[in-house]
Every structure is written in C-alpha cells, then in structure tokens.
Amino acid sequence: MKFEFIPIDYEAFDFNGKNYIKIIGRNDKGKRICLVDSYLGSFWVILKEGLTDKKIKDIQGKIEEIRAGKGERESKVVKTELHDRKFLGKEVKAIKVFVENFKDAHSVADEIGFKEVEKRREYDLNIISKYIIDKKILPLKWYEVEGSLISGNDFGGIANLEVDACFELERIKESERKEFEPRFLAFDIEVDKFEIGKGDVLMISLYGKNFKKVLTWKKSSKKQDYVEVFKDEEEMLRKFSEYVYEYAPDFLVGYFSDGFDLPYLRAVAEKNKVKLELGLDRSQPKFSRGNVLTGRISGLVHVDIFRFIRNVFSQYLQSETLSLNDVASELLGEKKHDFDFLKLGKMKDDDWYDFFSYNLQDSKLTYELMEKIWLDIYEFTKIVQEPVFEVTRNAMSSHVEDYIIHNLERFNEIAEKRPVHEEIGKRRGRGKYEGAFVFQPTPGLYEDIGMFDFTSMYGSVIVSYNLSLSSFHEKKEKGDLEVDLVKQKVHFSKEKAFFPTMLGEFIEMRKKYKKEYNENKNPMTKARSNAYKLLANAAYGYQGFFGARYYCLEAAASTAALARENIHSVIDKIKKQGYTVIYSDTDSVAFLLDGKNQKETLGFLKKLNSELPGIMELDLEDFYKRALFVSKRTTDAGAKKKYALISYDGKLKIRGFETVRRDWCKLARRLQSEIIESILKNGNEKDALEILKDVIMKIKKREVKREDLIIRTQLKKPISEYLATGPHVIAAKKMEEKGIAVSPGDLIEFYVAEMKGKKKLVREKVKLPDEEGDYEIEYYLNNQILPATENIFEVFKINLREVIDGNKQTKLF
DNA sequence: GTTAAGTCCATACC
DNA sequence: ACAGGTATGGACTTAAC
C-alpha cells in the first residue's frame, strides 16, 4: 500500500534478536499509523596508520568472529566493511562493524582492543539517532511510503497497537507535502497533598480542540457541563486513560508534568491497583531518572513544555519565574484562576465549583502555550533532526551536539565519543579561563550616545578564526594561527573544520531568516530565525562545556581572547576617530558623539566593518539621548553591568539596577525606576528627589502596603544544605513548620518585621507574608530604599543622608 | 560585644 | 550535569580585638 506519512515518535524494539524501529505518525488523511522498519546498527573501528591490506583483512576476519553481549543476550557481528573516512578532520581507514543487536555494540566494541586499532566510535550513539541518520527518515517531515499491512501476531502482535493501521516499511521517499496540524491534548491534576505518593488526585482536567473535561470524584451541586463525577479515584483514573485514547492526540502536554502530574498519577494508580494505560500498546508511562524525572508514554509524545521553556526559551522571557502563571501572562496575556489552597481542608460546595474551573484553566493555559510555542518546537525538531520528545527536553548543549551528529556525514566524519565519568572529572578540574572584557565606566549622566555591537560575536570569532577541536594543534604546524593565552600559546589549523563550518551555517541561516521575517512577518520564519540564533549563541559555550563530545577548552579560551582583542581594537579606533568611549561589555561599545552627527557615525561604522576579520560584523545598536552610570556601593569606582539609557523616542533601557532584580522589594524597585526615568527624561535630579522624599515619608508613616515590601528570593537547594542561613532560608523553614512544602527552585516570600527586643540579624526579623506584624521602618529605609537610590543621587553630588538629615520629618537618618 | 574581612548566596549582564 | 566567564551586593560567619 502507498500513502503519505509524517514521523512523530520513534521507538526501538527487539524481535527474534534483531533491532526494529516502530515509527508512530500520521498519514495524509490524519489517520494514526505505525510503521515498522528493520534496522542493522553499526559502529566504527578506526585503524592505526600504515597497516597492510592483508593485516586489515585479518582484523576484519577477527572482528566478524566476535560474539558479545550483556546478561542473557548475545549478539554476533553480521558483517564488516572497510571505508575511508575522517575523524576530527584527519583521514583514516575505518572498519564499519554491523551488530545484530545494537544494544550490544558497546560490548562488541570492548572486544576489539587490538593493538592495530586506534579508536572505536559511535557505539555510544542513541539507536534512534543512528537510525534517523542512516535511513534519513526525519521527524516531522512528509514521506511517500510503500508498506505492507501487518496483521495477526507479526512482530509479536504489534498490530494490536491503538493505531488506525500498522505497516511494514518497504519503500520510502521524500514528499513535497508541508502542512501538518498536530493534535494536542493538555492535562493537569489537582491533589490534596503536594508530595508525590502522599495524597489523592482530586481531579484531572483535559483540554484539546473542542474538548474540555474535568474528571473528579468530588461533587458540587452547581453544574458545570465539563465536569464528570466518578464514584472514586480508581474510576476517574480509568476514564482518564480512555479519554486520552479517544481523543488520540499526537502530543499529551503538561506543565511540569515530568516532575509532578505524571509521576503523581502513576503513584495513585499503583495505590488504587489500576493500570495507567496511556501507551498505544496500553503500557503505563515509563520514567527514567536523570537529573529530573522524565515520563515517556509509548506511541504518543508526552511533552512537558515547562522543560522546553526553561532550556530554550527562558532567556528571552521577561517573567521573573517560570511558573505557569507568569509564563502564560507574558506569552498569552492570560492568567491562572484564583484559588485559595488553604480551603482544601474544609471545602464547601462553592469551593469545589471554583476548584474545577481552576483546574480546567490550567489545562487551557497549557494547551494555548503549546500552540504558541509549537512552531519553535517544530523548527528545532527540523533543524536538529531529533524526535520531539528529546527536543522538548534537551538542554542547549544537546541541541548543538545533535545538529553536529546529524550533519557529520556531509563531512565524511565519524562521531567523537561522549566523555565518560573520569574524563568529565578531569575536564571539570581544568579550571576557568579568562573571559570577556568589561570597560570600567565613570559615574555620571551623559548625553548624545552611540552604541555599536557585534552580531553573534563569539560565534563569528569561532568561524572567522576556525577554532575547534578538529583544528586544534597540540604543537604548532606551518601556517597555523597562534593565540596567546598568557599561560600558554595554542595553535589552530587554517584548514576549515566542520564545527566552525556548521556554526557558520547557523549564523548564515539566522541572518537569512531574520531578513526574510523582516520583509514578510511570518511566525514560521521568526521561529526558524530564533532557533538558529539560539544555536549560534550556544555553540561557544558548548566547546567549553565538560560534557561535550567536541569539548575543546583551548578553542573556548581562544574565542574569548580573540573577542577581547577585537573589541579592544574597535574601542581604540573609535577613540582615535575622536569619540569618547564610556562603556563596553563583551561585544558592545558605547561612546559619546561629541558633536559629531549620526550620519557621520554610521559612515564610520561602515569603515570599521571593512577592517574586521572574516565574517565578523559590527552593527549599530542604537543612538541614545542620555545615559546614566553610577558608582559601586563600596567605592567611588563606576559600577560595571549597571546602567540606564533613554533613546530619542523616550524608550528606557535599564540594566543591572535593583529595578530589574527580582530579589528586591517592589517599593524599592518601583521607586528606583521612577527616579531613573525622571533623571533621564529631565536631565537633572530635581523631580527625582521629590519622588524619593515622598516615599520616605510614606514609609515612616507606615503607609506602605505589605505587598510592596515583600522580598522574594529563590531557594536554590534543600534547606539542610545551606551553610549560611540567610533570611529566605529562615522563611522557608517557617513555611515547612506550617506544613507548606518547599523545594529547591521555589521563590520564597517574606518581609522584615519589627520585633520585640533588639534583634541584630535580618533573619531574626523575617515574617511570612500572611503573618501578623508591622514592617520595620529602619530596615526598609536603610537596606532597601537607601541602597537603591543613594549612588544615583551621588552622581549629582547629593549626599542623601545629609539632605535627609536636614529634613525635620526624617530625623531617623 | 563589636568590627572588619572573608565567605556564601542570589541575581544580573553579555 | 546538561553552554561559558564577569560582576554587584546583601547577609551571614569568622577572626581579631
């Protein structure tokens, strides 16, 4: 039978001792299809130089005799082939070893420690990645498929899967078809005790296209048409699996569902002795323990969008936390419903009604977030060529690496191995290298400023100077680039290596799609341009990351060194041209126009660009009307990474100030930003000073709302691991005492209250937001308001303490 | 008991 | 453990008196 097919999920299975891959996807009619394909996996044995043909034949013979495996299972080598390949850019002779069951590739490779063998590689690749590379059957790409229907007990009864049809793959070729409308089903649970395994699931909400349900075993007399009440938790759980099956989603979507909803459901299913049959083979979710739990459901893709947002998206979000509420507010302009969890112990009829709609809203937000970021997931999947399950969970370093792995064939390259435990330890012990240059600013209010910055600076340095593991030379060779790292000199070949080449592709694609997007605003090109930008930015960090296959600290250190060299050179040229440089951080430089006009400055930028090496490019960031720099708190020296700018159209750009820090109270943050705005708009401090005086008065009169005085600090590790007990740790302890579960990652809220007796430490005055008490006036004046404002006024030679001492109403200072 | 230096910790910038 | 280094600054801890 012939049909069009789009792969969504891949799973390997063994049948009669051989590897098979089942691909779950859709056909062009929207039917769910399972495609089964055989797969013969292989790895590489790289030979030492100068072996005779006869010797190589001998080795191949010896390899073909090997049988190895783990436990009961044993695989034989099916065949070997000799190839000319490259490894880290060097030409090598390599034997391709085909193993009956790829799970035994490592064991087989272990048997090939002959003295003629230089290295063994690719036995550590994931079988699905290997399959996608070898067979070129890429996720989310349409194919024309010929296959034969599988029925009965073929392949161990695979025809029993909950799909519309199962085929064995016979022929496949690319199709022109593009459009794909994925089916999402979002879910969310509510429980009575937060800790997994300790409580009951009170309700489960589901949200899809024209589909909304809240399943529960609790009742409210007020009717909600989407609520279905079951006799107990067990029946609710059964119905949950059934609804998921009926809706037949491609993606079952949750928010933090790897860490909470799915494991919680599993725990209560176990307790109720019911099976959570979510898989297309009616199997239960399987959890793998990495750093965090990961829940996999056979045949449909469980997506925890929190993880994708955290790993990929978060750096471009303004939200102060990655909670569903904050992220949905920012991306969708929609919030969670309010529900007071303290009611849980004594729920009334109306409360259940509210709780059901609260639960449904969470699924709705999750569904809409998935719709919102789907194109980003889709583009990442297309670019790195890994299945959506992995793409939505992997960190940026993995995305970079996956792109490399899936593109090595173009370079005839064999993949490097993943570092093992000892190697990682060694790498981590190597210590830091010198990073970026930051210009020491002079505090002051400046006027008429220009700012240039390099586009993808580190990426373009790597490409322009060819910095990577395969171009790195231990000893200097003829024509090499030499980079002086002070402690040592390192060398890189000028022969173009694959890593800089691929990174060049990221930068080029980013440029191309950014341009395309600007000409024709289309969410697809935006997502694509964004994905390439993220990959380009992460590639530098990747080479310095201890877990990377293509780790090269020398390349990372050289990238930073050459970036410094380039920014210094640009700073010098700008100065020489007659501008005053006032600031620079890593890849940007700010300077005073000193009477020169913008047009002239842009002309100068063009000249600067013509002198830059390789693909490096300097851009106009913007022209600004005013800029404010302040001193550090402890010395007179200007503070780095802390400044505020106002553009000619009145837009503010504030960096580093307390205003942008989430661990300062609202009052201090708002006051500081008002002061900064006033100063930048007016060009003087007069109005700003009045704003400050007003707030100080309010504090003293106790007119400030508690909400504006709450300080929020993240708990980064379990309470017991803290060596220094800061205020937020005490607040977290208090929460635990009240029976509120706290875990690493939570934002802890507290305020500083007046206490009986003289308390010295801040932590002794910590109270939780709902705890009775009066705020401590002195703390908020001295530890929040003053530090956030005094070095701003210092720029105008105003000593806040003196000014305020002269004010009769404010004698506290 | 007080104070200054040192350390821990969170958060930001690029 | 899940990209890197640079930087600020609050609050606690420790050493010295």
Side-chain angles (χ1 to χ4, degrees), chain A residues 290-292 294 307 310-312 315 320 390 393-401 418-419 421 424-425 427-428 431-441 453-454 456-459 462 534-548 550-551 553 555-557 559-561 563-564 567 583-588 621 630-635 637-643 653-664 668 711-717 721-730 747-748 752 758 760-766 779 782-784 787-788 791:
Chain A
N291 202 5
V292 281
T294 294
R307 292 186 65 173
R310 186 192 55 193
N311 292 336
V312 173
Q315 47 184 315
E320 280 175 13
E390 276 70 27
R393 284 172 177 76
N394 286 347
M396 281 311 297
S397 62
S398 300
H399 292 315
V400 172
E401 194 157 281
R418 197 183 294 130
H421 191 72
I424 290 180
R427 291 177 180 185
R428 298 187 76 182
K432 288 192 177 194
Y433 55 86
E434 190 183 343
F437 165 71
V438 188
F439 188 97
Q440 174 82 66
D453 64 2
F454 280 96
S456 297
M457 188 191 211
Y458 281 34
I462 292 168
L534 286 162
L535 287 166
N537 287 344
Y540 153 71
Y542 173 82
Q543 297 204 97
F545 168 49
F546 53 79
Y550 293 100
Y551 170 82
L553 200 67
T559 306
R564 288 195 302 272
I567 195 75
Y583 189 59
S584 165
D585 185 347
T586 313
D587 59 353
S588 69
E621 206 269 334
V630 299
S631 67
K632 285 197 273 198
R633 260 185 76 63
T634 42
T635 65
K640 298 171 176 181
K641 298 187 185 285
K642 226 176 156 177
Y643 60 88
K653 181 171 171 172
I654 300 179
R655 294 287 178 263
F657 276 106
E658 285 74 8
T659 296
V660 299
R661 295 182 61 95
R662 69 174 182 187
D663 57 347
W664 283 71
I711 296 164
R712 308 204 295 169
T713 314
Q714 191 180 32
L715 196 72
K716 301 278 250 191
K717 51 189 176 188
E721 282 175 28
Y722 278 89
L723 298 172
T725 313
H728 73 299
V729 181
I730 290 296
L747 264 197
I748 308 296
V752 177
K758 195 81 180 152
K760 217 173 47 187
L761 296 174
V762 177
R763 67 165 173 231
E764 293 168 319
K765 298 180 279 195
V766 162
Y779 173 84
N782 292 323
N783 298 43
Q784 293 279 324
N791 32 18

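Below, chains carry the letters A, B, ... as their sequence lines are ordered, and counting in each starts from 1. Computation of the quantities below employed the complete heavy-atom set of this structure, encompassing side-chain atoms and omitting hydrogens, waters and symmetry-equivalent molecules.
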Quiz item: Which part of the nucleic acid does A:Leu761 contact within heavy-atom distance under 4.0 Å: base, sugar-phosphate only, or nothing?
Solution: sugar-phosphate
Quiz item: Counting any heavy atom closer than 4.0 Å, what does A:Ser398 reach on the DNA or RNA strands: base, sugar-phosphate only, or nothing?
Solution: nothing
Practice problem: With the side chain of A:Phe546 defined as its heavy atoms from C-beta on, choose the nearest nucleotide among B:dC13, C:dA1, C:dG9. | Solution: C:dA1
Quiz prompt | Derivation and outcome, salt bridge (charged side-chain N to carboxylate O under 4.0 Å, His left out), residues A:Glu320 and A:Arg712 | solution = CA-CA 10 Å; A:Glu320 280 175 13; A:Arg712 308 204 295 169; 3.4 Å; yes
Self-check item: Sequence-distant partners of A:Tyr550, ring pair (Phe, Tyr, Trp, His ring centres under 6.0 Å), two or more places apart
Solution: A:Phe498
Quiz item: Between C:dA7, C:dG4, C:dA11, which one does the side chain of A:Phe545 approach most closely?
Solution: C:dG4
Quiz prompt | A:Tyr643, nearest nucleotide to its side chain (from B:dC9, B:dC13, B:dC14) | solution = B:dC14
Quiz item: Using the C1' atom in both, what is the distance from B:dC9 to C:dA3, to the nearest Å?
Solution: 22 Å
Quiz item: Can you find a side chain N or O atom of A:Asn537 that sits less than 4.0 Å from OP1 or OP2 on C:dA3?
Solution: no
Quiz item: Nearest of B:dC13, C:dG9, B:dA10 to any side-chain atom of A:Val660?
Solution: B:dC13
Quiz prompt | Nearest to side-chain heavy atoms of A:Tyr779, which nucleotide of C:dG10, B:dC8, C:dA11 | solution = C:dA11
Practice problem: Would you classify A:Tyr551 as touching base, sugar-phosphate or nothing, given that sugar-phosphate means primed atoms plus P, OP1 and OP2, and contacts are heavy atoms under 4.0 Å? | Solution: nothing
Quiz item: Are any of A:Tyr583's side-chain N or O atoms less than 4.0 Å away from OP1 or OP2 of B:dC14?
Solution: no
Self-check item: Among C:dG9, C:dA3, B:dC14, the one nearest A:Ser397 by side-chain distance
Solution: C:dA3
Quiz item: Which sits closer to the 5' end of DNA chain C, A:Gly435 or A:Gly547, going by the nucleotide each is nearest to?
Solution: A:Gly547
Self-check item: A:His728 vs B:dC9: side-chain N/O to OP1/OP2 distance below 4.0 Å
Solution: no
Quiz item: Which part of the nucleic acid, if any, lies within contact of A:Lys432, taking any heavy atom under 4.0 Å across all strands shown: a base, the sugar-phosphate backbone alone, or nothing?
Solution: base
Quiz item: When all nucleic acid strands are considered with a 4.0 Å heavy-atom cut-off, which category describes A:Lys717: base, sugar-phosphate, or nothing?
Solution: sugar-phosphate
Quiz item: How is A:Glu434 classified with respect to the nucleic acid when contacts are heavy atoms under 4.0 Å: base, sugar-phosphate, or nothing?
Solution: sugar-phosphate
Quiz item: For A:Tyr722, which contact category applies under a 4.0 Å heavy-atom criterion: base, sugar-phosphate, or nothing?
Solution: sugar-phosphate
Quiz item: Which is true for A:Ala556 with a 4.0 Å heavy-atom rule: it touches a base, it touches only sugar-phosphate, or it touches nothing?
Solution: nothing
Quiz item: Which part of the nucleic acid does A:Phe454 contact within heavy-atom distance under 4.0 Å: base, sugar-phosphate only, or nothing?
Solution: nothing
Exercise. Give A:Asn311 one of three labels, base, sugar-phosphate or nothing, depending on what nucleic acid heavy atoms sit under 4.0 Å from its own.
Key: nothing
Exercise. Give one of base, sugar-phosphate or nothing for A:Thr559, where a contact means two heavy atoms less than 4.0 Å apart.
Key: nothing
Quiz item: Which of the following nucleotides, C:dG9, B:dT11, C:dA11, is nearest to the side chain of A:Pro727?
Solution: C:dA11
Quiz item: What distance do A:Glu658 atom CD and A:Gln784 atom CD have between them, rounded to the nearest 0.5 Å?
Solution: 9.0 Å
Quiz item: Can a side chain N or O of A:Arg661 be found less than 4.0 Å away from OP1 or OP2 on B:dT11?
Solution: no
Quiz item: What nucleic acid atoms does A:Tyr458 come within less than 4.0 Å of, heavy atoms only: base, sugar-phosphate, or nothing?
Solution: nothing
Quiz item: From C:dT13, C:dG4, B:dA10, pick the nucleotide closest to the side chain of A:Arg763?
Solution: C:dT13
Quiz item: Does A:Lys640 make a side-chain N or O approach to OP1 or OP2 of C:dA7 shorter than 4.0 Å?
Solution: yes
Practice problem: Establish, for the pair A:Arg564 and A:Phe437, whether the NZ or CZ atom is under 6.0 angstrom from the six-membered ring centre and no further than 45 degrees off its axis. | Solution: no
Practice problem: Would you tell me if any nitrogen or oxygen in the side chain of A:Lys632 comes within less than 4.0 Å of OP1 or OP2 on C:dT8? | Solution: yes
Quiz item: Where the side chain of A:Arg655 is defined as all heavy atoms beyond and including C-beta, which of B:dT11, C:dG4, B:dC13 is the nearest nucleotide?
Solution: B:dC13
Practice problem: Check step by step if salt bridge (charged side-chain N to carboxylate O under 4.0 Å, His left out) holds for A:Asp585 and A:Lys640. | Solution: CA-CA 8 Å; A:Asp585 185 347; A:Lys640 298 171 176 181; over 6 Å; no
Practice problem: By nearest nucleotide on DNA chain C, pick out whichever of A:Gly544 and A:Phe437 is the more 5' one. | Solution: A:Gly544
